[in-house]
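What you see is a predicted model; the values in this text were computed from it and never measured.
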Amino acid sequence: MQSLGSQNPTPARSGFRIGALGLSVLVLAFLVAVIFAANRNEVIGWIVAVVSLAWLVFAVFVFVTVRGAGRRARERFEEAARQFGRAPSMAGGTVGEAQSVDEVRDLKLDHSFKIIQVQERVVRDNLGKDAEQVARALETIQITAANARDMLRPDGGEPVTGTVIDEG
């Protein structure tokens with residue numbers, strides 16, 4: 001196993017290499033089809049060469065389109081990360097570097113409150129209909145609230161653990 005910080009090529013680079021390899025194979029197939037068609041001077045050979053050229057053009061179109069979409073997505077991701085003041089993970093930054101401990105705790109607490117709100121709706125929707133679903137939602141609320149309270153404790157006590165089954 002390799003560590004996360006190893007000097008391996010990025011997925012974008014390896015994808016580019018795979019795409020370039022595929023295009024190279026299609027170029028080679030086209031050249032072989034043209035050479036055979038020229039040597040034998042048969043109609044079927046030229047038809048194969050035209051079909052091979054059509055596949056090559058299609059592959060180039062897909063390759064260029066996907067590469068451009070990947071670049072635009074990466075730019076949007078980096079802009080969103082800059083907008084929210086976080087280092088983008090694709091650029092090698094981590095959340096820990098960009099945020100203080102208080103900010104991370106606040107994000108976790110916000111998430112806990114969102115979980116509680118969702119489970120409250122589950123209880124409201126299933127009250128009197130599905131007792132098992134209500135019981136699971138109440139258990140989730142209890143666990144989440146206990147974990148959130150533990151995040152607020154200065155001594156950092158152990159959070160409550162349990163099994164949450166989401167049949168969402």
Task: side chain to side chain contact (heavy atoms under 4.5 Å, CB included) assessment of R136 paired with Q133 - done: CA-CA 5 Å; R136 281 196 304 264; Q133 185 79 15; 2.7 Å; yes

- [ ] Inspect the contact between E120 and R124 and indicate whether a charged nitrogen and a carboxylate oxygen are less than 4.0 angstrom apart.
- [x] yes

Task: Path from W46 to V48 over hydrophobic side-chain contacts below 4.5 Å - done: no

Open item on the list: Please report the interatomic distance CD1(I47) to CD1(I44), rounded to the nearest 0.5 Å.
Closed with: 4.5 Å

- [ ] Decide side chain to side chain contact (heavy atoms under 4.5 Å, CB included) for D110 and D106; before the verdict, give the C-alpha distance in whole Å, the side-chain angles of both, and the deciding distance to 0.1 Å.
- [x] CA-CA 6 Å; D110 181 57; D106 290 347; over 6 Å; no

TODO: Side-chain contact test, heavy atoms from C-beta onward, threshold under 4.5 Å: evaluate it for K108 versus R105 and give yes or no.
DONE: no

Task: Non-hydrogen atoms of L109 and A148 that approach each other most closely - done: CD2-O, 3.5 Å

Open item on the list: With a 4.5 Å cut-off on side-chain heavy-atom distances among I, L, V, M, F, W and Y, is there a chain of contacts connecting V64 to L26?
Closed with: yes

Task: Minimum heavy-atom distance S112-T144, with the two atoms named - done: O-CG2, 3.4 Å

Open item on the list: To the closest 0.5 Å, what do you measure between CD (Q119) and CD (E139)?
Closed with: 10.5 Å

Task: Single-linkage hydrophobic cluster, 4.5 Å side-chain cutoff, V50 and W55 together - done: no

Task: Minimum heavy-atom distance A49-A33, with the two atoms named - done: CA-CB, 3.7 Å

- [ ] Find out if a path of hydrophobic residues (ILVMFWY) with successive side-chain heavy-atom gaps under 4.5 Å connects F61 to V51.
- [x] yes

Task: Heavy-atom pair of closest approach, residues L23 and L56 - done: O-CD1, 4.1 Å

Task: Of I141, T140, N147, the residue whose pairing with I143 passes side-chain contact (heavy atoms from CB on, under 4.5 Å) - done: N147

Open item on the list: With clusters defined by side-chain heavy atoms of hydrophobic residues (ILVMFWY) lying less than 4.5 Å apart, directly or transitively, does F58 cluster with V25?
Closed with: no

